[in-house]
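Input: a single structure, listed below in structure tokens.
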Amino acid sequence: MSAVDRPNVRIDPDRLWASLMELGQIGGTEKGGVCRIALTDLDKQGRDLFVRWAKEAGCTIKVDRLGNIFARREGKDPAKPPIMTGSHLDTQPTGGKFDGAYGVMAGLEVLRVLHDTNYVTEAPIEVAVWTNEEGCRFAPAMVASGVFGGAFDLDYALAIKDRDGVSFGEALKKIGYDGPEAVGGREVGAFFEAHIEQGPILERENKTIGVVTGAQGQRWYEISWTGMESHAGTTPMEGRRDALVAAAELIVEARRIGSRPNGRSTVGVIENLPQARNTIPGRVFMTLDLRHPDNDELTTMDAEMRAAAADIAKRHRVEVAIEQIWHFPASPFAKELVDSVRRGAAQAGYAHMDIVSGAGHDACYVSRVAPTAMVFVPCKDGVSHNEIEDASKTDIGAGCQILLQAMVERANA
Ligand SMILES: [Zn+2]
């Protein structure tokens with residue numbers, strides 16, 4: 001379908017902004033942020049508001065067994081798989097007004113515009129609210145979209161406990177969002193997620209729209225070095241088995257390995273024993289986080305890191321144990337949908353660029369079962385997961401307009 005077939009509908013940036021600000025008052029903090037933790041009473045209030053607004057826009061509501069909400073606007077052909085968008089309403093304890101909420105409110109604005117203009121797409125349109133994206137109360141993150149995408153079992157998700165021993169299933173029941181629908185297992189024609197970038201690139205490059213080509217793959221490691229403690233004064237330099245020097249060399253190597261195009265590497269934790277100024281360190285524990293948007297490149301980074309660690313261990317006569325504790329494969333998005341977002345941005349005259357998502361999003365798991373793409377808009381100073389998180393009304397509106405165009409295009413394809 002070409003651009004001329006698109007309906008001449010415009011989203012209302014003022015209404016979108018006003019809805020975001022009203023939603024942001026639920027759990028609003030003194031510093032202008034939001035604390036709306038998953039499956040709390042505040043989460044329920046946010047959900048209730050969304051459900052009310054979606055019903056006012058003519059939608060029917062379904063809730064699945066993990067509390068994922070789907071607001072549906074029927075298409076001319078109800079048998080067609082829905083074109084879906086959505087994000088999450090839960091926040092970090094010191095979160096902002098935009099992370100997640102933007103994607104849900106942008107979807108709501110799409111529903112409102114179609115409702116107001118009586119525009120009926122061929123395929124149905126759905127807006128999803130994914131439960132517990134942040135993972136700060138119930139780990140891991142993105143668990144409900146993960147079950148939808150087949151990455152986790154339903155029973156596993158329902159049994160996850162918070163620090164007070166309350167299970168996900170109990171908390172869900174308490175707020176009345178333990179719905180009857182099966183989680184996933186149905187066809188989705190396409191999934192789009194609008195989100196703030198949560199990084200500095202779009203702002204730095206002066207772009208309004210980030211055309212997200214996929215999300216990074218991640219490998220997390222725990223690495224233990226074992227050398228030999230001995231006297232700092234009596235042990236000559238050449239005979240030492242210094243675990244900390246070995247770890248230090250791997251930190252430098254990891255930096256080199258991560259410094260390829262689109263690569264990332266971070267050593268975030270290091271524990272050195274015995275922490276005595278005149279004893280050679282005998283044991284070191286460290287973590288390593290490697291990321292890349294291309295799975296083959298990430299595999300190469302893994303191999304380079306292991307080879308470097310083995311070489312370092314040999315030279316320093318220490319032992320190294322590397323345990324990969326988590327692997328999240330890269331999620332390349334559907335080319336057709338990514339192209340649609342890029343074309344929409346170009347035709348609308350918005351400055352845009354291709355970008356890889358550095359963070360995980362519900363879209364990453366949904367991409368395992370449905371063609372998926374994302375639309376990013378800049379956020380101020382690249383700051384997110386912080387109460388000062390901010391974005392401009394113009395950019396927020398631009399991203400929503402692109403979302404509307406891409407969804408309508410797919411729904412009529
Ligand atoms: Zn988010």
Side-chain angles (χ1 to χ4, degrees), residues 16 19-20 23-24 26-29 33-40 42-43 46-47 50 66-69 84-109 127-149 151 191-203 209-210 212 214-216 218 291 328 331 333 341 355-367 372-391 395-396 399-400 402-403:
L16 170 57
S19 299
L20 263 170
L23 176 64
I26 301 173
T29 63
V34 180
C35 175
R36 198 168 50 234
I37 307 291
L39 305 184
T40 57
L42 290 170
D43 186 9
R47 288 160 172 267
F50 169 77
L66 286 176
N68 297 318
I69 305 169
M84 193 185 280
T85 188
S87 196
H88 57 97
L89 291 177
D90 66 318
T91 73
Q92 292 284 323
T94 53
K97 295 190 199 78
F98 300 92
D99 177 4
Y102 171 49
V104 177
M105 291 299 106
L108 177 75
E109 178 58 29
V127 177
V129 176
W130 303 107
T131 303
N132 185 51
E133 192 272 350
E134 296 290 358
C136 45
R137 181 176 176 197
F138 298 100
M142 305 175 285
V143 72
S145 55
V147 175
F148 192 94
F191 182 76
F192 294 92
E193 182 170 356
H195 209 284
I196 55 168
E197 181 201 340
Q198 302 182 286
I201 297 170
L202 293 176
E203 189 179 64
I209 300 293
V212 189
Q216 294 181 125
Q218 305 182 31
R291 305 190 188 204
F328 186 81
S331 327
F333 290 152
V341 170
I355 191 168
V356 170
S357 174
H361 293 288
D362 292 306
C364 302
Y365 281 134
V366 179
S367 76
T372 294
M374 290 188 77
V375 181
F376 274 180
V377 295
C379 58
K380 192 165 182 294
D381 302 325
V383 174
S384 179
H385 285 193
N386 191 308
E387 291 166 275
I388 61 167
E389 183 183 273
D390 201 3
D395 292 343
I396 288 285
C400 184
I402 298 306
L403 178 70

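Heavy atoms only: backbone and side chains are in, while hydrogens, waters and symmetry mates are out. Note that ligands are numbered from 1 as they come in the structure, with each ligand's atoms numbered from 1 the same way. Since this is a predicted model, take the numbers as computed values, not measurements. Residues: numbered from 1 along the sequence shown.
Using a cut-off of 2.8 Å, one finds that Glu134 contributes no N/O/S atom close to the Zn ion (ligand 1). His88 lies close to the Zn ion (ligand 1), since one of its N, O or S atoms is found at a distance under 2.8 Å.
In summary, the side chains of Asp99 and His195 do present a donor paired with an acceptor at a separation below 3.5 Å, with no hydrogens or angles considered. Residues Thr29 and Glu387 bring a donor and an acceptor atom of their side chains to less than 3.5 Å of each other. Inspection of the His385 and Glu134 side chains reveals an N or O donor paired with an N or O acceptor under 3.5 Å.
Within Asp99, the N/O/S atom positioned nearest the Zn ion (ligand 1) carries the name OD1.
Here the straight-line distance linking atom CZ of Arg47 with atom CD1 of Ile26 works out to 12.0 Å at 0.5 Å rounding.
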